[in-house]
Amino acid sequence: MKPLVLSLYSNATLDRCLYSKSEFEIGKIYDKAFPDGETYIRIDSDVSKRKVILIATLDRPNNKILPLIYTASALRAQGATSIGLLAPYLAYMRQDMQFHPGEAVTSRSFAKLISDYFDWIITVDPHLHRYKSLDEIYTIASAVLHADHAMSIWIKKNVEQPIIIGPDRESEQWVSKVASLARAPYLVLEKNRKSDREVDVSIPRIDKYINHTPVIIDDIISTARTQIETVQHLHTLKMKPAICIGIHALFSGNAYEDLLAANVQKVVTCNTVAHPSNGIDLSPLLVENLKKYIK
Ligand code: R5P
């Protein structure tokens with residue numbers, strides 16, 4: 001029997017890409033909120049003795065997590081033989097230590113919760129800074145996919161003479177990969193985050209690339225302060241307006257509008273989180289790897 005795919009919090013492009021593949025059967029799930037706000041879930045497919053894949057991207061996770069857990073639990077109760085989670089964006093990876101006394105290390109609790117209900121997880125470029133691998137906190141099998149290839153193709157196609165700029169030291173591992181795939185030079189920012197919404201940046205050795213088009217790449221764009229500070233810094237150096245690329249388009253509040261209003265040429269993101277800035281489609285990467293993984 002083919003694996004059954006259920007979409008809970010997916011996006012249309014990814015769903016279309018999955019529907020076009022004969023390796024999967026597409027199942028149906030119905031969810032709603034009762035008038036009092038509690039969640040109702042109904043699995044409208046027979047999942048007994050089936051391998052099931054649940055698709056849920058986990059931006060703004062707090063409203064999604066209970067329905068997700070109820071769904072996994074219902075699938076188990078209805079006889080699914082395995083339950084995998086395809087989460088193009090994996091939440092709660094940034095609080096990976098106690099930065100201040102008393103703080104909850106939410107990455108660990110979240111990983112435990114997901115590991116308790118699923119058998120495996122596939123995601124794209126999770127925020128692995130202090131953790132080197134998801135295995136440090138997830139006890140289930142995991143596969144991490146990378147957007148580097150898709151981003152480098154976009155850059156090669158759309159930007160003449162790019163200089164790739166990474167947001168911080170930790171980003172160097174993957175920014176260098178994108179740069180090498182795009183056959184472009186790269187630099188990494190010195191960043192100092194003063195609070196949730198305030199960051200300072202500087203770019204050593206940028207003068208060498210003054211005539212290049214700056215392409216700032218970050219894994220997550222949330223408040224966009226990292227991108228905006230960098231764009232403004234490049235502007236004071238009289239560089240060309242920057243192109244801002246993010247993998248995961250979280251964009252809290254007016255962050256997207258604020259970034260567009262800064263001196264940018266373009267803002268482009270991958271479609272792990274559905275957003276008007278999506279310009280790099282990762283659906284083929286996700287679907288191909290899903291096929292490999294569930295064989
Ligand atoms: C930080 O370590 C991440 O890689 C991103 O730079 C950060 O999450 C971006 O956040 P914001 O858009 O709020 O500056």
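Numbers for residues simply follow the sequence, beginning at 1. For the numbers below, each heavy atom of this structure counts, side chains included, while hydrogens, waters and symmetry mates do not. Just so you know, ligand 1 is whichever comes first in the structure, and atom 1 is the first atom listed for that ligand.
Any N or O atom pair closer than 3.5 Å counts here, and P167 shares no such pair with ligand 1.
Counting protein heavy atoms only, atom 8 (O) of ligand 1 is closest to R94 NH1, 3.4 Å. Looking at atom 14 (O) of ligand 1, its nearest protein heavy atom turns out to be T226 OG1, 2.5 Å. In this structure, the protein non-hydrogen atom closest to atom 5 (C) of ligand 1 is D218 OD2, 3.2 Å. Of the protein's non-hydrogen atoms, the one nearest atom 10 (O) of ligand 1 is R193 NH2, 3.3 Å. Nearest non-hydrogen protein atom to atom 9 (C) of ligand 1 is I220 O, 3.4 Å. Scanning all protein heavy atoms for the shortest distance to atom 13 (O) of ligand 1 gives T223 OG1, 2.5 Å.
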| request: Check step by step if side-chain hydrogen bond (donor to acceptor under 3.5 Å, both in side chains) holds for Y209 and Q161. | output: CA-CA 9 Å; Y209 300 103; Q161 229 194 347; over 6 Å; no
| Are D59 and K64 close enough, and set up right, to give a salt bridge (Lys or Arg N to Asp or Glu O under 4.0 Å), and what steps lead you there? | CA-CA 9 Å; D59 59 306; K64 294 178 174 176; 2.8 Å; yes
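By the criterion of a heavy-atom distance under 4.0 Å, both the backbone and the side chain of S222 are placed next to ligand 1.
The closest approach between H129 and ligand 1 falls below 4.0 Å for a heavy atom of the residue.
Proximity to I221 (heavy-atom distance under 4.0 Å) selects the following atoms of ligand 1: 12 (O). Every atom of ligand 1 is numbered from 1 in the order shown, and the set under 4.0 Å from a heavy atom of D168 is 1 (C), 2 (O). Near D219, meaning under 4.0 Å from any of its heavy atoms, are these atoms of ligand 1: 3 (C), 4 (O), 5 (C).
Under 3.5 Å, the side chains of S82 and D119 contain no donor-acceptor pair of N or O atoms. There is a side-chain donor-acceptor pair under 3.5 Å between S277 and T269.
Within 6.0 Å of NZ in K32 there are more than 12 heavy atoms belonging to other residues, nucleotides or ligands. Residue Y131 places its OH atom among more than 12 non-hydrogen atoms of other residues, nucleotides or ligands, all under 6.0 Å distant. Few gaps surround NZ on K2; more than 12 heavy atoms of other groups in view lie less than 6.0 Å from it. Shown here is E38, whose CD atom has no more than 12 heavy atoms of other residues, nucleotides or ligands within 6.0 Å.
Which of H127, E229, H248, R225 comes nearest to atom 2 (O) of ligand 1 through a heavy atom is settled by distance: it is H127.
Transitive grouping of hydrophobic side chains (ILVMFWY, heavy atoms separated by less than 4.5 Å) brings L286 and W120 into a common cluster.
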